[in-house]
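Being a predicted model, the structure only gives us computed values, none of them experimental. Throughout, protein chains are lettered first and strands after them, A, B, ... in sequence-line order, and every chain is numbered starting at 1. The figures that follow rest on heavy atoms only: side chains count, while hydrogens, waters and symmetry mates do not.
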Amino acid sequence: MDQSVLEIKDLIKYFHSRNGLVKAVNGVNLEVYSGEIFGFLGPNGAGKTTTLRILTTLLKQDSGTAIVAGYDTKKDPDQVRCRIGYVSQAGGSDDPATGRENLILQGQLYGMSTSVAAGRAEELVHLLDLDEFANRIVRTYSGGQRRRLDVALGLMNRPTILFLDEPTTGLDPQNRANLWTQIRKLQQEGTTIFLTTHYLEEADALCGRLAIIDNGHIIAEGTPEELKKRGAGDCITISIEDSEEKAPALIQLLQQTDFIHDVQYDTTHIRLYVKDGATAISKVLDILNQQQIVLITITLSAPSLDDVFLHETGHSLRDINAEGQEK
Amino acid sequence: MKTLRDIGLLFRRKMKETLRNPIYIVINLLTPVLYLVLFAPLLSKLTNTPGFGTGNLMNNFIPGLLVIVAFLNGLFVGYNMIDEVRTGVIERFRVTPTSRFALLAGRVLRDTVNMLIIVNFFTLIAIPFGFQVHLLGYLLFQLILCMIIITTSSFGNALGLILKDEERISPILQGINLPVLLLSGMLLPMELAPKWLNYLAHINPAYYAVEAGRLLASGIIMNAKVGEAFLFLTILTVLTVTWATRVFYRDIS
């Protein structure tokens, strides 16, 4: 494969909390290669943001190493800073200034002369379609416009690798699709992209490879296809009458069969992970018949990344995010 | 070199912000003007009270007001800092090779220039009310005011960066604000105070600034109180800026 632009070895970061020392990142190993879009997934509080903050030199790890764009983030933070772009969840565009002023200042802070910075700003204004509003005060921007400026700011220094932290959170579907297009365009122009997300469909649509983090550990890594095949196989989802009463016994029975390799239950639906969905579905129906359980719905689906997550961690990414809180 | 350039760039950024909304300068000018118009007349019968001296009333009163201006314009910048933490601007700068010291100094410099604009504007307004400017003394007094705002602005900015939340910074700033103002003798001279209150005032740096300001405004430069003010304020400024710089160099989680 291509050249490595990011390499993390045995990364550990502790935080002090009321209950003592917490390992927010607990032995993470990762490698990202030049030119790819790498997805970093996980629920809030899993260690995703902490890892990202170490990679972008905002935090220092307690042990392990992180080499980004050829430099150690702990020993040579300024060298790393010169070579990365970072778009935080909050964005980072400065409200009281115009888009263009934001861009030029960003360039100057990287050491560019005013004219070089203005030239680069102009390129990015075209690349990210900011022409219409580049000279307006940022406070007047819509969510989508602001997001594009945020991304442009991250690109001012022609970074070797661009970090995007939850880039589409809070965007409407149209703006999300728009940003996806922009991100793909950046990749085609040779930018390596490291993005965190908790939208699995986003990771599926954009990323060549991805890693899933939970409780500070990487629990799965590979291409979206590999992950789907490896963990889950096909997924049969059933819901039954009198679910609360009958489900526990049924699940026990299903777990004893040899064609079902995992069962997940979330109060209304039972998910069965099987190798071959088509033959398994008739066997499942037989069992339900024998047990005289009335079926409400049954669906067979190819596994999504959500299934992968559920399979690897035992909890659904969506459930966690619904109640999740970022520290 | 890089640090100086960064300070210049970040100062320009904040200054542009001020000049785009000059209304804030007007609002900040309003506080001393209101004191001048609505409070100063109360003092007119007190000219021979101890502590006021026998000199010009306005020359005793205005320096206190200017200390308020410098103090308040710096202290409450913490809110603006929190704003910029929230919108991610600070984090964005921190991922560039920008000097951490410049991130602080650019802001403090803007606040200082802002304060000087307000102070000099106000002085112009106060002259018709009877404020007599002794040039050298007045210039030295502006140095004192600069040290005050450098201290409070560094403190406010660093506190904003640590706390990141208006609701947490508010009680701290308010808790500092009122005692410092009351114990500075800026409205009425501390000579009028009972002994214990007077002692308390002596641990307040703003008190020394006000005392020195009154002397300097009347052209008295070679005076122990002026020396004390410069000494204490220099120490305070160095300590606060050092601490704030360390906060800006720290990791942010």
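- Highest contact tally toward chain A, considering only B/Lys16, B/Arg13, B/Lys2, B/Arg12, is held by B/Arg13 [criterion: heavy-atom pairs under 4.5 Å].
- Aromatic ring orientation, B/Tyr79 versus B/Phe76: parallel (interplanar angle below 30°, classes split at 30° and 60°).
- Taking the ring centre of A/Tyr71 as origin, the terminal cationic atom of A/Lys75 falls outside the region bounded by 6.0 Å and 45° from the ring axis.
- A cation-pi arrangement, defined by a distance under 6.0 Å to the six-membered ring centre and an angle within 45 degrees of its axis, is present between A/Arg176 and A/Tyr199.
- For residues 98-106 of chain B, a heavy-atom distance under 4.5 Å to chain A picks out B/Thr98, B/Arg100, given by residue number.
- For A/Leu109, the parts lying near chain B are the backbone and the side chain together; criterion is any non-hydrogen pair under 4.5 Å.
- Near-neighbour residues of residues 175-182 of chain B relative to chain A, defined by a heavy atom under 4.5 Å from a heavy atom of that chain, are none.
- Here A/Asp78 is the residue among A/Asp95, A/Val80, A/Asp78 with the most heavy-atom pairs under 4.5 Å with chain B.
- Residue A/Phe163 forms a ring-ring contact (aromatic ring centres under 6.0 Å, His included) with just one option from A/Phe194, A/Phe38, A/Tyr86, A/Phe40, and that option is A/Phe194.
- A distance of 6.5 Å separates CD1 of B/Ile118 from CG of B/Leu29, quoted to the nearest 0.5 Å.
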Check: Between B/Glu17 and B/Arg20, does a salt bridge (Lys or Arg N to Asp or Glu O under 4.0 Å) hold up when you go through it step by step?
Finding: CA-CA 5 Å; B/Glu17 204 180 300; B/Arg20 268 193 188 133; over 6 Å; no
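- For chain B, the nearby parts of A/Asn102 are the backbone and the side chain; heavy atoms of each come within less than 4.5 Å.
- Of the listed residues (A/Thr56, A/Asn157, A/Leu153), the greatest number of heavy-atom pairs within a distance under 4.5 Å of chain B belongs to A/Leu153.
- No donor-acceptor distance shorter than 3.5 angstrom exists from the side chain of A/Asn215 to the backbone of A/His217, with no hydrogens or angles considered.
- A/Arg120 and A/Glu123 are joined by a salt bridge, as a carboxylate oxygen and a charged side-chain nitrogen come within less than 4.0 angstrom of each other.
- Proximity to chain B (any heavy atom under 4.5 Å) is shown, for A/Gln79, by neither the backbone nor the side chain.
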